[in-house]
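So the structure is just underneath, and the comments pick up after that.
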Amino acid sequence: MGASKISFEASLAADVVQTGRCASCGACVAVCPYECLQLVKGHPRLVKECQSCGLCAQACPRYDYSQSQMENFVFGRSRKPDEPFGIYRQLAIAQATDEKILNASQDGGVATALLAYALKNGQINHAVVAGTGREKPFYPIPKLASTFAELLEAAGTKYTCSPSTLLLTDACKQRKAKAAFVGTPCQVQAVRKMQAAGLKRQTRCLDFLIGLMCSRCFTYEGLMKNHVHGKLGVDLSEIKKMSIKGKLLLTTTSGVIEIPLSEIKKYQQKNCDACGDFSSELADVSVGCLGLDKWTLTVIRTEKGEKLFSGAEQAGFLRTKPVNEVGAFNLLVRLSEKKRKNAATA
Ligand SMILES: Cc1cc2nc3c(=O)[nH]c(=O)nc-3n(C[C@H](O)[C@H](O)[C@H](O)COP(=O)(O)OP(=O)(O)OC[C@H]3O[C@@H](n4cnc5c(N)ncnc54)[C@H](O)[C@@H]3O)c2cc1C
Ligand code: SF4
Ligand code: SF4
Ligand code: SF4
């Protein structure tokens, strides 16, 4: 991960965008000091002459990226062979105690409860999350949530990539800002790469990272517009929740619609084939469902994550239950190994 001065065209355009490996994370756009880049249909495009400073290449999780170097940066060591889902300190099965959080959230509401706790005790004053709007339900819009109500509004999963890193830079520009960041593994990798490259202006306000577990994401055009609305005739504004549990489940005002994954596979983002991180291995705390119902499987990885989680539990924001869900852990290992293997051959 050298800091060479390379142009956008010679680095990301050639090696990432044109090869179909761009994860639409937005980090390149976020770090360009000359505002040369814009995301167009999810991918960066030059809108001004590139000054060849090389910063976009330093931030991109798909360019000159080494997982073991990043593990060394975050944890001071790289993983051992018996750590199939990355380095961690503790595992927990947890749930938000607040009914409002639990009802709004995807699974056990751990992500939202941790943010709510950190906002309440002043540890952060912003959280970079993914909200959505009425015109395009479930289309992720990066949001800077600064209140409990804004956290609740953004709870729940949107299965399309969100260029959330764009807002981290915005948060860091605000004086005295302290922010948390929630993102998929590719977004967490981008933020860690920015930190490792010493891009302080863009990351100095970051306090902690919550990583979502992630198998894949889908194009909004394909999944929501063409399939769910176009083919199945579902009014998108009637969908209350989307989840994937062996199949895609759409909870609507008139019941649950089940869609086999084989029907929607073609709308998967192609770049996800190159992604080897299932469980956000570089986050402070990683959260996933892994078949649990209204509980979140939580991987606490760093000292910061450990303090945050135990603080939230002691303050009554979270409850836990004994870690004896063998099926969920076996699935975590299996999905992590499968994704890493598939990425190596992609
Ligand atoms: C694209 C995608 C694929 C996933 N695939 C899996 C999977 O295969 N297996 C599994 O166990 N878990 C998967 N998850 C994670 C799972 O859906 C839940 O997010 C996780 O279990 C945490 O639940 P929670 O109730 O604690 O989160 P909540 O309290 O509901 O909080 C979720 C947080 O994630 C943010 N968010 C939602 N969508 C996005 C997005 N697209 N990009 C960035 N931030 C977002 C929200 O704004 C919110 O802050 C996936 C998530 C995403 C976004
Ligand atoms: S950060 Fe901007 S100016 Fe620098 S190489 Fe990338 S596009 Fe060019
Ligand atoms: S993966 Fe992210 S940083 Fe890399 S080119 Fe795509 S949007 Fe830019
Ligand atoms: S599978 Fe990987 S690249 Fe695709 S959205 Fe999830 S973390 Fe990002």
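Just follow the structure's listing: the first ligand is 1, and inside any ligand the first atom is 1. The chain is numbered in sequence order, starting from 1.
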Taking the non-hydrogen atoms of Arg62, is any one of them nearer than 4.0 angstrom to ligand 4? yes
Quick check on Ser280 - does any of its heavy atoms sit under 4.0 Å from an atom of ligand 4?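 No, Ser280 has no heavy atoms under 4.0 Å from ligand 4.
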Is ligand 3 less than 4.0 angstrom away from at least one heavy atom of Ala59?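 No; Ala59 lies far enough from ligand 3 that no heavy-atom distance drops under 4.0 Å.
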Location of contacts on Leu37 toward ligand 2, heavy atoms closer than 4.0 Å: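 The side chain, only.
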I'd like to know if [Y] and [X] are part of one continuous hydrophobic network [Ile/Leu/Val/Met/Phe/Trp/Tyr, side-chain heavy atoms within less than 4.5 Å].
| X | Y | answer |
| --- | --- | --- |
| Tyr65 | Val74 | yes |
| Leu12 | Val31 | no |
| Met70 | Leu168 | yes |
| Leu318 | Val287 | yes |

Among all protein heavy atoms, pick the one closest to [atom] and tell me residue, atom and distance.
| atom | result |
| --- | --- |
| atom 5 (S) of ligand 2 | Gly54 N, 3.3 Å |
| atom 3 (S) of ligand 2 | Gln51 N, 3.3 Å |
| atom 8 (Fe) of ligand 2 | Cys50 SG, 2.4 Å |
| atom 4 (Fe) of ligand 2 | Cys53 SG, 2.3 Å |
| atom 2 (Fe) of ligand 2 | Cys32 SG, 2.4 Å |

Look at atom [atom1] of [X] and say whether more than 12 heavy atoms of other residues, nucleotides or ligands are closer to it than 6.0 Å.
| X | atom1 | result |
| --- | --- | --- |
| Lys338 | NZ | no |
| Lys100 | NZ | no |
| Asp293 | CG | no |

Minimum distance, heavy atoms only, to atom 1 (S) of ligand 4: which one of Met213, Gln269, Lys339 is it?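 Closest candidate by heavy-atom distance is Lys339.
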Have a look at Cys214, Ala23, Pro185 and point out the one with the heavy atom closest to atom 6 (Fe) of ligand 4. Cys214
Is it the case that Ser162 and Ser164 place a side-chain donor and acceptor less than 3.5 Å from each other?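 Yes.
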Under 3.5 Å side-chain donor-acceptor pair for Thr302 and Asp284: yes
Give the numbers and elements of all ligand 4 atoms closer than 4.0 Å to a heavy atom of [X].
| X | result |
| --- | --- |
| Cys275 | 1 (S), 2 (Fe), 3 (S), 7 (S) |
| Asn271 | 3 (S) |
| Arg216 | 1 (S) |
| Cys217 | 5 (S) |

Nearest 0.5 Å, what's the CG-CD1 distance between Asp107 and Ile93? 12.0 Å
Atoms in ligand 2 flagged as close to [X], the criterion being non-hydrogen separation under 4.0 Å:
| X | answer |
| --- | --- |
| Phe8 | 5 (S), 7 (S) |
| Ile6 | 5 (S) |
| Tyr34 | 3 (S) |

N/O/S atom of Cys56 under 2.8 Å from atom 6 (Fe) of ligand 2, yes or no? yes
Heavy-atom pairs closer than 4.0 Å: do any link ligand 4 to the side chain of Ser215, the backbone, both, or neither? backbone
Please identify which of these residues, Gln67, Arg192, Gln189, Arg301, meets the side chain to side chain donor-acceptor pair (under 3.5 Å) condition with Glu281.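 Of Gln67, Arg192, Gln189, Arg301, side chain to side chain donor-acceptor pair (under 3.5 Å) with Glu281 is met by Gln67 alone.
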Subset of ligand 3 atoms that lie under 4.0 Å from at least one heavy atom of Pro44: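 The atoms of ligand 3 under 4.0 Å from a heavy atom of Pro44 are 5 (S), 8 (Fe).
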Answer whether the closest heavy-atom distance between the side chains of Tyr139 and Lys158 falls below 4.5 Å. no
For residues Arg79 and Ile87, report the shortest heavy-atom separation together with the two atoms involved. N-CD1, 3.8 Å
Is atom 2 (Fe) of ligand 2 less than 2.8 Å from at least one N/O/S atom of Cys36?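 No, outside the cut-off.
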Between Arg62 and Asp15, is there a salt bridge with N-O shorter than 4.0 Å?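 Judged by the 4.0 Å cut-off on N to carboxylate O distance, Asp15 and Arg62 do not form a salt bridge.
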Against ligand 2, does Leu12 come closer than 4.0 Å with any heavy atom? no
